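The structure under discussion appears below in the form of structure tokens.
Only a predicted model underlies this, so the values are computations on that prediction, with no experimental measurement involved. The basis for the numbers below is simple: all heavy atoms, side chains too, and nothing from hydrogens, waters or symmetry mates. Residue numbers start from 1 in every chain, and the chains themselves are labelled A, B, ... in the order their sequence lines are given, proteins ahead of strands.
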Number of protein chains: 2
Amino acid sequence: MFSHVIPSFLKASSLPLLCMIGSLSLFAEVSFQPERISPAYRETAESLIRTALSSGHGFERLAEMCDRFGPRFSGSSNLEQAIDWVLGEMEKDGFSSVRGESVPVPRWVRGSESLTFLHPREKRCAMLGLGGSVGTGPDGISAEVMVVESFEALQQGAAHAKGKIVLFNAPFTDYGTTVVFRVRGAVEAAKVGAVASLIRSVGPFSMQTPHTGMMSYEDGVPRIPHAAITSEDAMMMARMQQRGETPHVRLYMEAHSLNEGQSRNVVADIVGAEQPDEIVLVSGHIDSWDVGQGAMDDGGGCLAMWEAARLILQTGLKPRRTIRVVLWTNEENGMAGVRTYRDRHMEALEDHVLALESDAGTFKPSGFSFTGSEKAMPYLEAIGGLLGPIQSGRLKWGAGVSDIMHLVPHGVPVMGLDVDRTRYFWYHHTAADTIDKLDQDEFNLCVAASAVMMWVVADMPLRLPR
Amino acid sequence: MFSHVIPSFLKASSLPLLCMIGSLSLFAEVSFQPERISPAYRETAESLIRTALSSGHGFERLAEMCDRFGPRFSGSSNLEQAIDWVLGEMEKDGFSSVRGESVPVPRWVRGSESLTFLHPREKRCAMLGLGGSVGTGPDGISAEVMVVESFEALQQGAAHAKGKIVLFNAPFTDYGTTVVFRVRGAVEAAKVGAVASLIRSVGPFSMQTPHTGMMSYEDGVPRIPHAAITSEDAMMMARMQQRGETPHVRLYMEAHSLNEGQSRNVVADIVGAEQPDEIVLVSGHIDSWDVGQGAMDDGGGCLAMWEAARLILQTGLKPRRTIRVVLWTNEENGMAGVRTYRDRHMEALEDHVLALESDAGTFKPSGFSFTGSEKAMPYLEAIGGLLGPIQSGRLKWGAGVSDIMHLVPHGVPVMGLDVDRTRYFWYHHTAADTIDKLDQDEFNLCVAASAVMMWVVADMPLRLPR
């Protein structure tokens, strides 16, 4: 990690003096080395960590937002009401320039939907239509089901797919591998003449739990309805087919798309005392799918970043650079939020020193993943060293955070908060993504780690190297 | 456990000779000591274990029953069709006297049901009416919700309960402690003037998973509708109440009871070669709740016992006493199956040497719990010793198996198969009780342990002491 060679004038005994001088302005930017981070910021870091871990404020706010507004889907009034509430609360907190920056967003409406298993026996199946899917029309679609495990198996059985509902019964391995059936399933099924397609929900554990998420169509290929069923029902249909039976179902979906709607990115600043144009952007996405409460994905990420910044405000710390909280809209089904921000703030992106996002649930944090310059890493590792006492400071290469990846082509260094993801895909895009799945102590650790990271990057004499 | 002092004539080298003599008839019953079990039965036990662990037959049959018939609720045609199928399969297996012994059973019908959260925001809640509940009438019941954590809290707030829907938001501690709100909740709520009652589902983990189960009324207390909601929604309403909000819901339930119906206990014998009137009864319950597949509760128990007996048949072993497979009906909502059996076979109960049941899921087995004579325990422990290689032979005092406990007052020694119950109450009485929650290898261990236990108790020269 980082070296503990500390210049003698920065030893602990001289810290009170340093604090009095303020803002560490005695360092020439060019000479500020990673080794100086620990002595300069250890005391503030410890204080931020202590404050974060002893507070119930952020988690209670998260619970209130989840309970009061429910799921926050792009284009819904729930989302806009939640945004209004967030803006009001941020004003009360004392953030500067609190605003909703308007974003045109797609609007997809689920409507009523059902899947009824007709043969060999009757049963209503839990299901969720996939985001962007077309509906079935008022009569629904009744057809035999053809179960396949892969696109290759579909090709091999292509001659039998015409007029069928194709079910992709792919067991969860990892998200990237398994999600292809959600994204491309309708296209591949339609190409071989299927009238609709189903997927086994993308998740490693199920209690009759369907998972929604985005799907896509392709020009020139018929658009057929596409929905997720539970792992239990998908496996059952596969077993039936293995026994020589042909499952028969009726799918009904009112799903449809409306004209573009309006949403907003939430933006709020702690204005930098010395370089206000240099921005450390900290973020989560405020929208969610239209089921559950979007507590884990990504209410928790929003509240953790917001709360971390609020603690800095509350503590009276004045960062050298601006800390900007951004709660992106429309991450789930379009990425319109980050794209609109990027286009609106294009010229300022070169002064976006770092973009940080939490979008993997506020479970127990382990550290941060970073995509940016190798010259930056020693500084980040040194900041990570300040998080040693809460085991949350491990730095890794390669941020994989969906919104802020859109800023990478414009030179912005980006960073994701890493957490224990053991159960993330149990709840992902389901009705079970509710506040009770998160733990206040783990949430507070996320707040603590994020507060220390954003504070030091915003305040250290040297701008994080690109 | 048991002593390894083995008479020299029973050392391994003499086993082939013993097998040739057959049925161990050289032992005088009175002189058969527990120490003789290991040398006499180790070879057969090892063979039964090997056969059980290498077979896919029982688990495939369980999956087929689950998939083909779905839930098997008392009074439903699903259950009777499943019983017909079981009887046919048992005939094919070669069991003797395969029969369905008729049992009058209560019939409760769920009908359509829903819970809609109206205020502070609209939301359809997952719910399950509780077995035996009355319905709401065609207009449903719209009322404010009063959340309490206990009966004591209800008493303290009794003055405010009139006209409300009382929600018992009791977190799961253990089943016995928490289930009281399911059983007695409607009575206690009605006593203080509530118009309906809800419980937080009885389970330690939820993915928006409601759990059904039996409830009760009391003469002289108004019968109000009683239903289970998910832990998520119960906790949400509790949080809202803590914030000073009053949740408002609409409950709709068509639940009602019909006239008594007919079901059957499944009974099939392996007739004893020497004492056919002495019976070792091995059992599970064939009925389930009306959701899911009743795979864990208790399809697995039925199939494990049936398969264990089938392996004995298949191996060509002829037990000294009769091994009787019984699949009880109506365990879930009445216990009519075991009661009818008890009354019909009252005179034979004194020759029921042991009743064994599996009703805790066919998870990894650890051994058996026993309620009976102290004189029997050394023999059972010695049989447990044969299960050492599969770590499934630990004997404990105190069987807690619901059906066969009804035979205890009539002197029948009873025994339950003990398993790892870590996840039992996750799935208990839910739509998620499906075959995929069970594991074929763990199921086979249950079969192996049960086969060895039933074989030795049925075959050893000494009748198990009462």
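- Applying the ring pair (Phe, Tyr, Trp, His ring centres under 6.0 Å) criterion to A/F168, with sequence neighbours excluded, gives A/F151, A/F181.
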Between chain B and chain A: donor-acceptor pairs at under 3.5 Å:
unit_1, atom_1, unit_2, atom_2, d
B/D67, O, A/R121, NE, 2.7
B/D67, OD1, A/R239, NH2, 2.7
B/D67, OD2, A/R239, NE, 2.7
B/D67, OD2, A/R239, NH2, 3.4
B/D67, OD2, A/R243, NH1, 3.0
B/D67, OD2, A/R243, NH2, 3.0
B/R121, NE, A/D67, O, 2.7
B/Q208, NE2, A/A431, O, 3.0
B/E232, OE2, A/K437, NZ, 2.7
B/R239, NE, A/D67, OD2, 2.7
B/R239, NH2, A/D67, OD1, 2.8
B/R239, NH2, A/D67, OD2, 3.4
B/R243, NH1, A/D67, OD2, 3.0
B/R243, NH2, A/D67, OD2, 3.0
B/A431, O, A/Q208, NE2, 3.0
B/K437, NZ, A/E232, OE2, 2.7

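- Residue contact with chain B, scored on non-hydrogen atoms closer than 4.5 Å, involves the backbone of A/F69 exclusively.
- Heavy-atom pairs under 4.5 Å with chain A peak, among B/M236, B/M207, B/M237, at B/M207.
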